[in-house]
Amino acid sequence: MSARGKLLQLLPPALLIVVIGLVGTTVSESTQTEFTGVLVNIAIVIALYVFIGNSGVISFGQIAFVAIGAFAAGVMTIPSEIKPTLLPELFPFIANHSVSSFESLILAALLGAFIALVAGIALMRLNGLAAGIATLAVLEIVHNVLRFWEKIGPGAKSLALIPETTGLWEAVLGALFCAVIAFLHQHSRSGRLLRAAREDASAARAIGVNIHLHRLVAFTLSGALAGLAGGLLVHQIGSITTEQVYLQLTFITLAMLVVGGMGSLWGAVVGGALVSFLNVYLLKLEEGAAVGPLHVDLPNGATLLILGALMAAIVILRPSGITGSRELPAAGWLRRRAQTEPAAGQPVDDNVPKAS
Amino acid sequence: MNWLQTLIDAIGLGSVYALVAIGLALIFGVMRLVNFAHGELITAAGYTLVVARDLPVPVAIALAVLVAVILAWLMERVAFRRLRDAQPAVMLVATFAVAFALEAVWLIAFGARGESADLLSSLNRPAIHSGDVTIRWVTIAMLGVGGILLAGTTLLLNRTKIGLQMRAAATDFRAARLLGVRADQVISVAFVISGVLAAAVAVLLTAQQPLVTPTFGLEITILALVGIVVGGMDRLTTATLGGFAIGFLNSLLGNVLPSSERVYLPSAVFLVVIIVLLVRPVGIFAPRGTSTEERV
């Protein structure tokens, strides 16, 4: 595939992220917060996709890296003057240092990558459900330690007073960054070998693909993006407990990925956007809102019910997800057009550096 | 600390986990489906016990079994039947989705705080008391019910025609169908049995601790699932042993860890899980020579 053809595959997911951002500027301030939340969710789902989508191995553990990123970024951005009163048990070197929000995102990504690397070296030998359960074990351990070890965080209390620096455009940039990294990885040699191994592990091994290594690369990268997304999340909501980055988030983000179509970046972004928006608006109806001429007031729990039923229906009726786990066909169509009619004008995303 | 007491409690809890594990492993055996919604069967039976708490105990238990069985049968009929040839990830998410939806039903119907089903809490008093060892009735019930149902399931699988067909389907589903095994019937029966087992678990759990919340069955299901993978999920016996082992380990470590470190019990359990999986990915109880690698 030509470089331009590949880039055209990045266009639909990137465009969708930007459009969500643009629409987000036209709505009220409280709705804008929800758009920001949707974009952060998309970043998390992309992080999941980098490992699960490309390797085909189900992992229940990626939210552990979101949790690590969120708490690392949160604890390190609270001003060091108020840390001793807020979190008296902290290790001195954590209590005495604070970083800016931007630096905290880098820290979150690095920490996510590091822990994923350490866990991955051991776990990436596993296949199928054993891998799923082992990654679940990672999530359980991370959750358990974060919840009770007050030397590194707030323990069971909620971590509050975190600078709320993830606005709409920060979230757009974060999600775009994740999409670009996921895209670059998916078309790299390592990414393509991993996808080959996903289709047929035995054949891939027979031609000398080191599956363990390429899974480890994807797992570490996924850990980095998950950590980054966790950092974005914590700076968006301003206060967080360990329960917010645990099983429920694991299930719902995994469902987003599968509903969208776990085999493609486009699927990850569409699934993340669709289910998140649905979640936001159903929750609004739970609080009571006007829909056209009607006043709808759903009982508590109705969101979960509708979401669950809808996800089950989509997965059952369309097992490869709404996008069919393909990149957007229009991208292929545009590509063909671009190849057959080179004079028909430059596609807008063509940012390959040229001599100009 | 008394070792005998610790062991007895651990064996009691282990049998409850074994019951959850066998329900999960039956379904996995016949249709390669990891049923996260199994926990909702337990919760459904639990709430039935809440609603029926003023009825005579046998009636309440019979109702709980009935509700769990109907729900299990419906789940398969409405949702999982269409997924038989789907990818594992898709099946898994479908069972999450069903679990989500059902959890929401409990939330809407009964609220988040939980309701009490204390019709069997009298079982919590000591049955045998000698020295510093106390055996409560509920532990005896766990062992008894666990033993009877495990034996019953084994007999059903080994001595009846439908049991033979289920074992055939679990070994090679396509070959079994070609030989005339009725797939729909076998799978329905497996779900019905898993419903009965789930109801038994709900009865035992409420006897020990009567509060039923919307996530009543979820935690034990996840742990039992971990157990069957660790034990070896391709065989019913290894899976059940795995379920027993995780319940046993959980109870044992909970008593053995010093009280200041007890909050890290889940970390300890899951660390053991990771180590076991790394050493024996096919399951700790799986026979030698079993391999996860596909043979070409």
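Below, chain A is the first sequence line, B the second, and so on; all start at residue 1.
The two residues A:Thr303 and A:Leu283 make their nearest non-hydrogen contact at OG1-N, 3.5 Å. Closest approach of B:Leu26 and B:Leu236 over heavy atoms only: N-CD1, 3.7 Å. Nearest approach of B:Val273 to A:Ala137, heavy atoms of both residues: CG1-CB, 4.5 Å. Considering all non-hydrogen atoms of both residues, B:Leu265 and B:Gly254 come closest at CD1-N, 3.6 Å. Minimum interatomic distance between A:Leu265 and A:Ala182 (heavy atoms only, all atoms of both residues): CD1-CB, 3.9 Å.
At a threshold of 4.5 Å between non-hydrogen side-chain atoms, the residues A:Glu150 and A:Lys157 count as touching. In this structure, B:Thr95 and B:Val34 have side chains that are not in contact, with every pair of non-hydrogen atoms separated by 4.5 Å or more.
Residue contact with chain B, scored on non-hydrogen atoms closer than 4.5 Å, involves the backbone and the side chain of A:Ile252 alike. Residue B:Leu278 touches chain A through both its backbone and its side chain, counting heavy-atom pairs closer than 4.5 Å. For chain B, no part of A:Ile314 is nearby; none of its heavy atoms comes within less than 4.5 Å. Heavy atoms of A:Ile58 lying under 4.5 Å from chain B belong exclusively to its side chain. Contact of A:Ile316 with chain B is made through backbone and side chain together, with heavy-atom distances under 4.5 Å. At a 4.5 Å heavy-atom cutoff, B:Met91 makes no contact with chain A through either its backbone or its side chain.
Below 30°, between 30° and 60°, or above 60°: for B:Trp106 and B:Phe110 the angle between ring planes is between 30° and 60°, a tilted geometry.
In this structure, the ring of B:Phe36 has its center no less than 6.0 angstrom from the ring center of B:Phe100. Centroid-to-centroid, the aromatic rings of A:Tyr49 and A:Trp266 stay 6.0 Å apart or farther.
Residues satisfying the side chain to side chain donor-acceptor pair (under 3.5 Å) criterion with A:Asn41, sequence neighbours excluded, are A:Ser276.
Proximity to chain A at a heavy-atom threshold of 4.5 Å picks out B:Ile222, B:Leu225, B:Val226, B:Val229 from residues 215-230 of chain B, in numerical order. Within residues 141-148 of chain A, the residues approaching chain B closer than 4.5 Å by heavy atoms are, in numerical order, A:Ile141, A:Asn144, A:Val145, A:Phe148.
If you check the side chains of A:Glu327 and A:Gln186, you find a donor sitting under 3.5 Å from an acceptor.
The choice from B:Leu107, B:Val263, B:Val93 that makes the most heavy-atom pairs within less than 4.5 Å of chain A is B:Val263. The candidate with the highest count of non-hydrogen atom pairs below 4.5 Å against chain A, out of B:Val269, B:Leu102, B:Leu92, is B:Leu92. Options B:Val78, B:Ile108, B:Val105 differ in how many heavy-atom pairs under 4.5 Å they form with chain A, and the most are formed by B:Ile108. The candidate with the highest count of non-hydrogen atom pairs below 4.5 Å against chain B, out of A:Ala309, A:Gly308, A:Ala312, is A:Gly308.
For residues 255-285 of chain B, the set of pairs meeting the ring-ring contact (aromatic ring centres under 6.0 Å, His included) definition, not counting sequence neighbours, is empty.
To the nearest 0.5 Å, atom CG of residue A:Leu249 and atom CG of residue A:Leu139 are 9.5 Å apart.
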